[in-house]
Chemist: 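Below is a structure I'd like to ask you about.
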Number of protein chains: 2
Amino acid sequence: MELPKVGSIGEYIRDQRKQAKISLRQLATQAGVSNPYLSQIERGLRKPSAEILNQIAKGLRISSQALYVQAGLIEDREPDSDVLAAIRTDRTITERQRQVLIDIYESFRKENRAEAQAEAERTTENARPEPEPQGVDAVPATEAAASPNGRIPPEPKEG
Amino acid sequence: MELPKVGSIGEYIRDQRKQAKISLRQLATQAGVSNPYLSQIERGLRKPSAEILNQIAKGLRISSQALYVQAGLIEDREPDSDVLAAIRTDRTITERQRQVLIDIYESFRKENRAEAQAEAERTTENARPEPEPQGVDAVPATEAAASPNGRIPPEPKEG
DNA sequence: TCGCTGTGCTTGCAAATGCAAACACCATGG
DNA sequence: CCATGGTGTTTGCATTTGCAAGCACAGCGA
């Protein structure tokens, strides 16, 4: 489960493609890869190289980094993902939009904490109720580095 | 695109290795790749895959992204704001949640651009519909936060 | 003079990528 | 009915990755 699931990247690509409402062949054309190969990639039968990954990202109009992260190729350095700080200093959104983003983000984290705790209580049993169908937690090590120094301010309220 | 970028990545690796004052074999061992292959990579005779690149980055204790940029695989440095970068590298949220945040944020920006469109007019648009061209005017933050169990909120997109 | 250890480089070869062609299936319509 | 066009999938093969084994050269001690 700590291995970089090749299937997950394929699922991610297929999901993104469905979300963009384009066909496999269309994405293949836009990405400049063959459609059979894209099919195999989406089903996890092939492990695309970085170049192919990059072209697919361009065809999907998404960030290459997102795909690399999905492929487990970039989750190494720079865990400075201070989302809240970035949101607070962003000047391209309104104050209300900013608050919405912050609310959502904190809700996510709160939910994840609750989920993690609920799962931890079930650790004794191997039964995995599968809280996330995607399960792209490609964090082989140094997971604790995600939030060691309380970069993200703790929620004032608890419940 | 067989640009000599492969050579540059090799030079970059060799430069970093020299800077770290370690031998080719040593780096190969630390990176978990064979020394002949590393030699060929450094001289631009082979185009390493993303995995190998990632391992070399780890062996060199440098950022994987730096190598990807050198390899021309992340040139996708678009006007991506710091918010998107932070969201993408955040490890405390699930992939679905990440996508939700990105979608909402991009919708915000799109909406803001639409309001300020009476100013700048450029002909730089792609001839394909974006995944979410709708404007999330009133994002149900509480709703989206209420059920982030891995579900992207219902798209108000017509279709 | 050997022998040993270190550096990087060259040589075949198994295994994988990535593609062109063809396949199966499902609609629509002449 | 068969033809046309759409979806995704399977097959065979050229090309490439990536490695094990070996090569060439240099420095040091006996």
Side-chain angles (χ1 to χ4, degrees), chain A residues 3-60 64 67-68 70-74, chain B residues 1-60 62 64 67-68 70-74 127-129 131 159:
Chain A
L3 287 173
K5 295 170 62 178
V6 185
S8 78
I9 172 72
E11 291 178 14
Y12 181 77
I13 292 174
R14 176 159 289 191
D15 189 39
Q16 291 295 312
R17 178 172 64 79
K18 298 287 189 187
Q19 215 166 3
K21 291 186 167 49
I22 59 180
S23 70
L24 191 146
R25 279 183 148 89
Q26 191 173 348
L27 174 56
T29 301
Q30 291 176 0
V33 305
S34 69
N35 37 88
Y37 191 45
L38 180 57
S39 171
Q40 290 169 319
I41 290 170
E42 284 189 349
R43 285 175 296 148
L45 303 181
R46 288 284 209 279
K47 184 176 61 179
S49 71
E51 264 182 271
I52 299 289
L53 230 46
N54 194 32
Q55 294 181 16
I56 291 175
K58 284 177 179 171
L60 280 171
S64 309
L67 272 187
Y68 292 144
Q70 285 295 320
L73 297 170
I74 286 191
Chain B
M1 291 179 178
E2 278 72 27
L3 291 172
K5 281 178 181 176
V6 183
S8 78
I9 170 78
E11 292 178 12
Y12 181 76
I13 292 174
R14 176 159 290 191
D15 187 41
Q16 291 293 313
R17 179 171 64 80
K18 298 289 188 186
Q19 209 164 351
K21 290 186 168 48
I22 57 178
S23 71
L24 191 148
R25 278 182 148 91
Q26 192 172 349
L27 173 57
T29 301
Q30 290 178 0
V33 304
S34 69
N35 39 89
Y37 191 46
L38 181 56
S39 170
Q40 290 169 318
I41 289 171
E42 284 189 349
R43 284 175 296 147
L45 303 181
R46 286 284 209 280
K47 183 177 58 180
S49 73
E51 264 181 290
I52 299 289
L53 229 47
N54 194 33
Q55 294 182 22
I56 292 174
K58 284 177 180 172
L60 280 172
I62 64 176
S64 309
L67 271 187
Y68 291 142
Q70 284 293 324
L73 296 169
I74 284 195
R128 84 187 272 275

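Quick caveat, the model's predicted, so the values are computed rather than measured. By convention in this document, chain letters (A, B, ...) are assigned in the order of the sequence lines, proteins followed by strands, and residues within each chain are numbered from 1.
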Chemist: Heavy atoms from C-beta onward define the side chain here; which of D/dT10, C/dT10, D/dT17 lies closest to that of B/K47?
Modeler: D/dT17
Chemist: Can you tell which of D/dT11, C/dC9, C/dT17 lies closest to the side chain of A/Q40?
Modeler: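 Nearest nucleotide to the side chain: D/dT11.
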Chemist: Of all the nucleotides listed (C/dA20, D/dG18, C/dC9), which has the minimum atom distance to the side chain of B/N35?
Modeler: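 Minimum distance to the B/N35 side chain belongs to C/dC9.
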Chemist: Under 4.0 Å: is that the gap between some side-chain N or O of A/R17 and OP1 or OP2 of D/dT7?
Modeler: no
Chemist: I'd like to know if the side chain of B/R17 and the backbone of B/I22 have a donor-acceptor N/O pair within less than 3.5 Å.
Modeler: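 Side chain of B/R17 to backbone of B/I22: a pair is present.
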Chemist: Rounded to the Å, how far apart are A/R43 CZ and D/dT9 C1'?
Modeler: 6 Å
Chemist: If I take atom OH in residue A/Y37 and atom C1' in nucleotide D/dC13, what distance separates them, rounded to the nearest angstrom?
Modeler: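 From A/Y37 OH to D/dC13 C1': 15 Å.
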Chemist: If the cut-off is 4.0 Å, is B/S23 near the phosphate of C/dG6, judged by side-chain N/O to OP1 or OP2?
Modeler: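 Answer no for this pair, as no side-chain N or O of B/S23 is under 4.0 Å from OP1 or OP2.
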Chemist: Starting at atom CG of A/L27, determine the distance to atom C1' of D/dT7, rounded to an integer number of angstrom.
Modeler: 14 Å
Chemist: Taking atom C1' of D/dT16 as reference, at what distance in whole Å does atom CD of B/E51 sit?
Modeler: 15 Å
Chemist: Decide yes or no, distance alone: a donor-acceptor N/O pair under 3.5 angstrom between the base of C/dG18 and the side-chain of A/R46.
Modeler: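 Per atom types, the contact qualifies.
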Chemist: Picking from C/dG8, D/dT9, D/dA20, which would you name as closest to the side chain of B/L24?
Modeler: C/dG8
Chemist: When all nucleic acid strands are considered with a 4.0 Å heavy-atom cut-off, which category describes A/S39: base, sugar-phosphate, or nothing?
Modeler: base
Chemist: Rounded to the nearest 0.5 Å, how far does CG of B/L67 lie from OG of B/S64?
Modeler: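 Between B/S64 OG and B/L67 CG, I get 7.0 Å after rounding to 0.5 Å.
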Chemist: Taking CG from B/L45 and P from D/dG18, how many angstroms apart are they, rounded to a whole number?
Modeler: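 B/L45 atom CG is separated from D/dG18 atom P by 14 Å.
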Chemist: To the nearest 0.5 Å, tell me how far A/N35 CG sits from A/T29 OG1.
Modeler: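 With rounding to 0.5 Å, CG (A/N35) is 7.0 Å from OG1 (A/T29).
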Chemist: Let me confirm one number: the CD-CD1 distance from A/E42 to A/I9, rounded to the nearest 0.5 Å.
Modeler: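 Result: 10.0 Å between the selected atoms.
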Chemist: Quick check: do A/Q70 and A/E11 have side-chain heavy atoms less than 4.5 Å from each other?
Modeler: no
Chemist: Looking only at side-chain atoms of B/K18, point me to the closest of C/dG18, D/dT9, C/dG8.
Modeler: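 Ranking C/dG18, D/dT9, C/dG8 by closest atom to the B/K18 side chain puts C/dG8 first.
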Chemist: Write down the distance between CD (A/Q26) and P (D/dG5), rounded to a whole number of angstrom.
Modeler: 17 Å
Chemist: Expressed in angstrom and rounded to an integer, what is the separation of B/L38 atom CG from C/dC9 atom C1'?
Modeler: 12 Å
Chemist: Tell me the interatomic distance from B/R25, atom CZ, to D/dA21, atom P, rounded to whole angstroms.
Modeler: 13 Å
Chemist: For a quick test of reading the model: is some side-chain N or O of B/R14 closer than 4.0 Å to OP1 or OP2 of C/dT7?
Modeler: no
